[in-house]
Structures are given as C-alpha cells and as structure tokens.
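This report concerns only the one structure given below.
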Amino acid sequence: MLHLHPSVTFDRGAFLSFLLIGSMGCGPSAPSATGTANPVETRKMFVVVPAESDAFPLAARATTERLRRARVKGFQEPEVSKVSLEVVQLSIECVEPTPTCYEAVGKELSASQLLFAEIDPGPKRDQVKVTVTLFDVEGRKRKRAVAKIFATEDDVPFGVADVVSEATKP
Amino acid sequence: MSNKPVPPGSTPTEELVEMEAMDLDEWEKDQHTPQANDAKLAALVKQSAEAPPAPLPPAQPRKTQTVARVVAKPPVTPPGPPPPTPGARAPGAPPVAPPSNGPNPFDGPTMRNAGAALPVKRGDAATPVSRLADGAATPAGGVPARTPAISRNTTNRAATPVGGTPALGPKATQAIGAVTVTPAAPAPAPPVDPKATQAIGQITRAPAAAAPDPKRTQAIGAVTVTPAMGVPGSATRTAAALRDLSTPAGGSLTPAAGTPASARPATAPTAPSSLSSPPGARPASSRAATPAAGTPSSTRPAMAPGRAATPAAGTPSAISAAKPGAPASRTATPAAGVAAPIRTGTVPTRTATPVGGVPAATAPRTTTSVGGAPSTPPRATLAAGTPIAKAATPAPEESEGWSLPDDFDEVAAQEWKSTPAKIDVAPPTAQAVTPVPAEAASSPEPQEESFASLAFTPEPTAAHARAFGPQPTPVAAAPVVAEAPVEAAAVVVPEPPAPKAPAPPPAAPPLQPFVTQSSVQPHSQPIQPIMGAQQLPPVQPMQPAAPPIEPTYPRAPVRAPEPEPVFEVRPQRHATTDSHRAIGGRSKKPLLIIGGVVAAIGIVLLIALTRGKDETKPVAKALPTDPTPPIKEPVVTPPDPPTDVAVTDPVPTDPTPTDPTPTDPTPTTKVPGRVDGRIDGKTGGIKRPGTGKIRGGTNTPVETGGPSDPIGEPVAADKAAKARAAYNVGNQKLFAGDADGAIVAYRQVIGLGSSSGYRGLGLAYAQQGDKANAIAAFKKYLSSSPGAKDVPLIKKRIEALQGK
C-alpha cells in the first residue's frame, strides 16, 4: 500500500491540522455574525424617562429632577432618556398607557426597569396630580405606582421627592 | 362666651393650616373647657339669689367643688356676730372663716374642689373697693368677725366675704380656676392666718396694699387669693400650684384712694372681666368684703372665682359682680383710679375670662374648676342683694383629680413670703397646650435646595448610544466564514495526488522523479496538474491560471526539470526513500485508486463550482474565510486571488431581484458593516448578497443602505421594509438625542412613501426647538393619515407648539 515517510506524514497531517484550525479561526465568530450578542441589551438597565407637561412645566421639571436622583436596588445610576415618554410612545406608535406599550417603550430604550412620571391636573382647580411609576420591562408589569395630589403646582417641588422615593423603595 | 376656645396664639390662618394636621374639634377635644350647664347655672344663680342665710342645697355647692382642694376650716366663730354674708353657705357649710387668729383652716380636712375653671376672679370676690373708696360704704371696717365667703366652691359660694367681715379674711379660699379671694385686711392687723386660695392653674397673690403680709392667691388655673392684710385671721396662704401671682401690696390691688392698703380689696390681678362690677353697684358682698377705707378689720373679700372680689369703690370688678345684669362686663373698670387691673396682662387674665360670663374658654385649662365662675359672682353680689350677674359662664367642669400635698399650704406660704411680689403668669397648661400648627407637622420635608436650583439638564446618556448603536453586521462576515470550507476542500483534494505520483506504471525507474516530485511538492498541489494531464483533464479548468505542467515523467530523468516551478522546489529531501517506499514499483493498483479518487474529487469540485454559480448562498458561505496564505499560496500560484473572482462572479449573474444594492454603483455613503447588519436585522433579515461580497480586504467598509442610501425601487414590500428600517434608524437617533440624524432618516422614510416619517420629523424638529417645522411636519402627518390613533396626541402637540 501506500507507505509514506513518517516525516512526510507528519508534515501533511500538521499542515492539514493547521489548515483546518486556521480555517475555523478565520471565520467570523458566530455571535457577531448573528448580531444577537448585544452587550447593552443583556445588561440590566434602569432608565428614567423625564416628565413632560405643557400645563405644569414647573412640576415637570421638579419631578424630572427628582427622578434623576432616584435609585433602584440592584441597579446602578439611572440612564436618563433624552426624550419623554410620550415622544417614545409616538415614535413607536404605541400610545396607550398599557403595560404592553410601556414594555415596548422600555425595550426601545433598552431598559429593564423604567421609571417615569405622569403629571395631570388634579380633581380640583389648581391641583396637580403626579404619578410616578416604576415599570418592570422584563416582567411587563408595574412594580409600583405612587400618586399624589398637590394643592398647587408650586407645591410639587417640595413634595415630589416623597413620591419618587416611595415609588422606588425596595 | 360661646366661642370655642382657640388654641393660644393661633390665628385664623393657622387654623386653616391646622385643619390638615388636626382638626379643630380634635384640638378642642382635649381642652376640656369648663362649661356650665344652663341648668347648673340657673341653679347657681338661684342659689346666689337666695337670701344669705337661706340654706342652700348642699349638693349644689358641692358640685362645683370637684377638684379644688378646699380646706375645711373648723367653724370659727367670729368675734362679732357674723354679718349675714350673702355668700355664706348653707347653714351647715363649713366655709365660715375663722377669725384671723383662729386655727389654720388648712389644717382641717380638705376636699377637692371642682377645677378652678374660672379665670382669675378679680372681680369675683366682690371686693368692695368702691366701698373702700367710699369709705363709708365699706362695711367691713369694723367687722372683723369673719370673712364671709371663703369660697369653697369658688364660684357658687358667696365667697366674697362681705367687706368688713373678718371671717373672710382669714379663711383660705381654695378655688380651682380663677378664684380670687381678696380679703380686706383690717388696716393694722397683720394677717395672722393667711387666706389661702388654692386654685389650679394660676395663682395670684394680691397682698393688700400696705398690708405687711401680702395676700396670696393660689390658684390652680386662675385663682387669686388675696389675703387681706389687716384681717386678723387672714393670713394668706398661697398654694403654689402652677403659678403664683403675687400681687404686691400696692401693685395689683386696687388701691382705693385714700384707703389703707388693707382696706383696699385685693383685686385679683388677672381677671379684669371679673372685676367688671360697676362701681355703683353695691353688692352685699362688697359691703362685707370691702374693707372700709381705714377700716382695720377690713374684710377681706374672698374673691371667689367669677366674682368681683375686689372692686374698690368705683372698681368695676366687684361691682360688676354685684350688678345683676352686668356680670359679663369684663371691661369693668377697676376701682376708680385703682390699679386693680394691674395684673391683667398676665396669664391669669385668661383664666379670669370666664368670670362674669366670660367664656371659660379663654383659659381652657386653667379655668377648669371655676368654670362656674359666672355663678361665682352671685355670692358676692348677692350679698348686696343684687342678683349676681347672670353670667352665661359655663358650668365649671369638675377638676381632673387634682391633689395637692398636705403640706401644700406651708410650702406655698414659704414661697409667698419669699416672693411676695412675684407674678407668674401663664399657667403651664395653657402653654403646653399650644397647638402646633398643622402645617408645621405636615409640612413637607425641607428642601435641601431651592427649586430654583433645580435645573433640568438631562445627562447625556451613553447608554442610549450604546443601546441604539448600530449592530454588528452579519452580512459582511458571513461570506467569509463560508469560504473556509471551500478552501479547505480545495486543499484537501489535491492531497491524495502525492501518493499518486508513483502512478506511472510503465517503468519503475522513471517513476523515481515523479515520486520525488510528489514528495517534494507540498502535499497536494503540483500533483494534480500532472494527474490531470494524464487522466483527469476536467480538473484542468479548476486552475486555469496555473501553468500546465508538462508531463515529463515518462522520460524524465530522475531530476526532471519541474515544469513551471510555481513553488519553489524544496531540497529533495527523502526523495529517494519516499519513492522507494511509496511505490516500490509493485503494481498499478494504488495509482489507479489514487487516480480514481482524484478524479472523483475533481468531479465533485466541478459540480460544486457549477452549482455555486446558481446558488449564492453556498458561495457566500464559501467567501467568508479570507484566503489564508497557507491555503492559497500552495495551491494556486496565480497572482490574483481567485476567490474574489469566484465570489463576485455569481453576483452579476444573480437573477434574484431582491438585491439591487450590490449592483448599485453609486452608494452615497459607506457605513461600517455592523450598521448594515443591524439594518438588515431590523428589516427582517433581508439578504444583500452583494453588499458584503467585495472582499478587497478585511477592513474594507461595506456598502450599506445607510440613511442616504437610495433604497430600492423595485418591490413595494421591500420598499416598506426599507422605510421601516429607516424609520427605526430615525427613532434610534432621536432617542439618542441626535435630532439631525433622525431628521435625515425620517426624510428617507418620507421618500419611501411612508407618512410616519412626518410624525418622526415633527418630533425631531420639536426636539430641536424648531417649532415651525415641527408644526408643519405634524400637520402633514395629520393630513396624510387622519385616522391614526395618535392623532389626538399629535394635535395636542401642535397646540403646545403653537403656544395655545
């Protein structure tokens, strides 16, 4: 039969091995090829969505400021979205205040925890209702929602901190 | 009167604030403002209106004495026949004051008297100041006998010793609330027996002016005991309860003009209201109580709470009490020119309030016992025969179980001596009760920083960039991966030829060179052409670039010149050995076998290549692996990397219309491959075979359908998908704060015929602050898709942008 010199055999075997290994190594890595390995997405993120209100700009600013300071156990400092909740909802064409839409918003912002506030008029004149919600995007549910009615908009800066802390307390 | 007690110091605004923290009712709940029932009041009035000696229903006075501690004095028979004291108790009543020299009344058994709800009863004791002033009027002058009313029940009893009634003086009046005992001191006589008034709340000591021993008033709440100085037995004993208000002789008392101090009735400082007896009035008590000016035996009018104890002549206090209809007159002027009200600003004032119809509320706590203050006046007034002012003062509440130590009087006396003129105001209760404004309690947490400092400066979030950043492109890489196998196959296939080398069966010796060659040649390569030349011509096309190797083996010398040394021929190592061992010139079988194998491989390769032309995928997969030098170099010598050609070939011929981009010659932008991949992913994995197929180098950017990439025209579905992809890109950029990039992307969307681009455009412009463009974009969106579910929100945004 075929008898090759050992050295030749070795050479060929080595070459083949090298070739094989090299060919494997030269290929793009599977994860990058699929594009699924997005480290940002896998990381747990706590995102704060700034409050927005044309009717109560003062309350919105105060609330946003407090939201930025919020901390949630198990997460690092929050990432503050550049756009408001409504803008995101409009952009993704999911404008209902439902867990589904909030989930979509959270995913769009790559958030696993979403903290946002809604500012609405209160039941009485001059009253302002501030609702702070901590939404679990992965769990697709509101973890906590706290609302408080302030007598006037001017009172919001002095009391919204409690609302935020209540909403984010572990 | 009927006013609800207001927390001290509270203002209407505070009340409003309190409403949140504590309702006013809640506040009042604990105040226990003494109030008297109408029935009780009526009874008291009746009682007081009765003839002095008339026995009073025993229960009535008792009722009022709930808390206050009353010293049951042993009935002391005054030296003289005790004048009928209007305030005198029921026959069996103990209150008869012993003469000044008599035994200390406080030694006797004590009782609890109703909490002195009465405010300081200045006017209570029906101090006959006026009398004093008048001089003649003062009956007591010589009537040392006994100070009549040492109010046990401060209010109800005719505590006011009739002026000149010595009995009064000595006796101590214990009143809870505002009881003022103003014993008129007979001028000369030093008070041997101090009158002690123990009251809960405020104690006002009003030593008679000029009297060596000041009158002492111990009041719990507002009780003023004004021991008459001159009253023999009227050593004032003051129970220092909560507050001591000592009225210095001349001080608080209303000095009747020209009236010796003793003669002057000690006016309870606190309750001006109680003093409100009109001067003209002459209550019997005033007679008795009012020590006549210069009357040594000045009666000490015991200022029962609520009674005008010490009104000097013209002193309203006592008189007012005497006045039936004017009980409530707080404003009652003190004795003419008399400084009776001196003490009034002090705490007792409050306590005094209840008297004469003054609402006990003013000093809710302090006045507790005497609450019946209004009723109090009767006695004093009654003495004069005048019905005591029908003070609407509420009935005194029963005291809350005050108990004073047995040695209370002594201690008080000590204190009194030491600080005769001391005035302490403000019963502790009143202060303690001070309500905290609800706001304070419920006030929001203090802010560390003023709101003004709260600036809305959103932090730049790198996360968004990361989150929304382009994804790695799988497309570019994909072809590379696939290529490897092909190369590997190409390499592997030729390998067998090595053993084939010895194939030439004809002559064993001539095989030598061939074998040598095979061994020399790096495994597979050169052999194939040789074999192909002989047996497998089809293989030839596989490597067109390779120069054909001349089949020289038949005649080739051992060292036959190698055809075209594509590769450098290595030193022929082992050439001989290999050749000998490998072939050995035994048979053709191995060569045939090898040749067959090679042929088969070649066929397979051909088939593969031909198929590859039709199918892009396999080719694309074959592409990925870069032509690694070890593979290509040995196999193919051609200068051009054949793989590129092989890969690109199928593209132009690719009939599939799905991918126009690769053929697009004018890509406007080049985006890193990962972005392209992301877009592909977004669009549902649209394959773009042409995009990543140019493999000029590893770092060569791949053309992609970036924002400016003219996205295809062909299929509507593809168009929509691309629009969607562009829209997503715009969203990502918008969320990342890149409004400009978002606008570009949204414009592409619009260019692709999707109206949602207008919405995104409006949002992006709004984020930029470009209201006009934002409004225009929104309006276009509304016009293009009026039935969208987000129309209300868009309209709202338009209004907001328009500043409506």
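For the atom pair NZ (A:Lys82) and CD (B:Gln767), the distance works out to 9.0 Å, reported to the nearest 0.5 Å. Between atom CD1 of residue A:Ile92 and atom OH of residue B:Tyr727 there is a gap of 9.0 Å, rounded to the nearest 0.5 Å. Taken from OG in A:Ser91 to CZ in B:Phe735, the straight-line distance is 4.0 Å, to the nearest 0.5 Å. To the nearest 0.5 Å, atom CZ of residue B:Phe778 and atom CG of residue A:Leu90 are 7.0 Å apart. From B:Asn731, atom CG reaches atom CD of A:Glu108 across 6.0 Å, with rounding to the nearest 0.5 Å.
Proximity of A:Glu86 to B:Asp790: side-chain heavy atoms (C-beta onward) are nowhere separated by under 4.5 Å.
With A:Asp54 contributing its side chain and B:Ala800 its backbone, the two residues share no donor-acceptor pair below 3.5 Å.
When the side chain to side chain donor-acceptor pair (under 3.5 Å) test is applied to A:Ser165, no partner is found at least two apart in sequence or on another chain.
Sorted by first and then second residue, the side-chain hydrogen bond (donor to acceptor under 3.5 Å, both in side chains) pairs involving residues 126-137 of chain A (not counting sequence neighbours) are A:Gln113-A:Asp136, A:Thr133-A:Arg142.
Here B:Lys789 does not pair with A:Glu93 in a salt bridge; the nearest charged N to carboxylate O distance is not below 4.0 Å.
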*Tell me, with the steps shown, if A:Val88 and B:Leu734 meet side-chain contact (heavy atoms from CB on, under 4.5 Å).*
CA-CA 9 Å; A:Val88 177; B:Leu734 180 67; over 6 Å; no

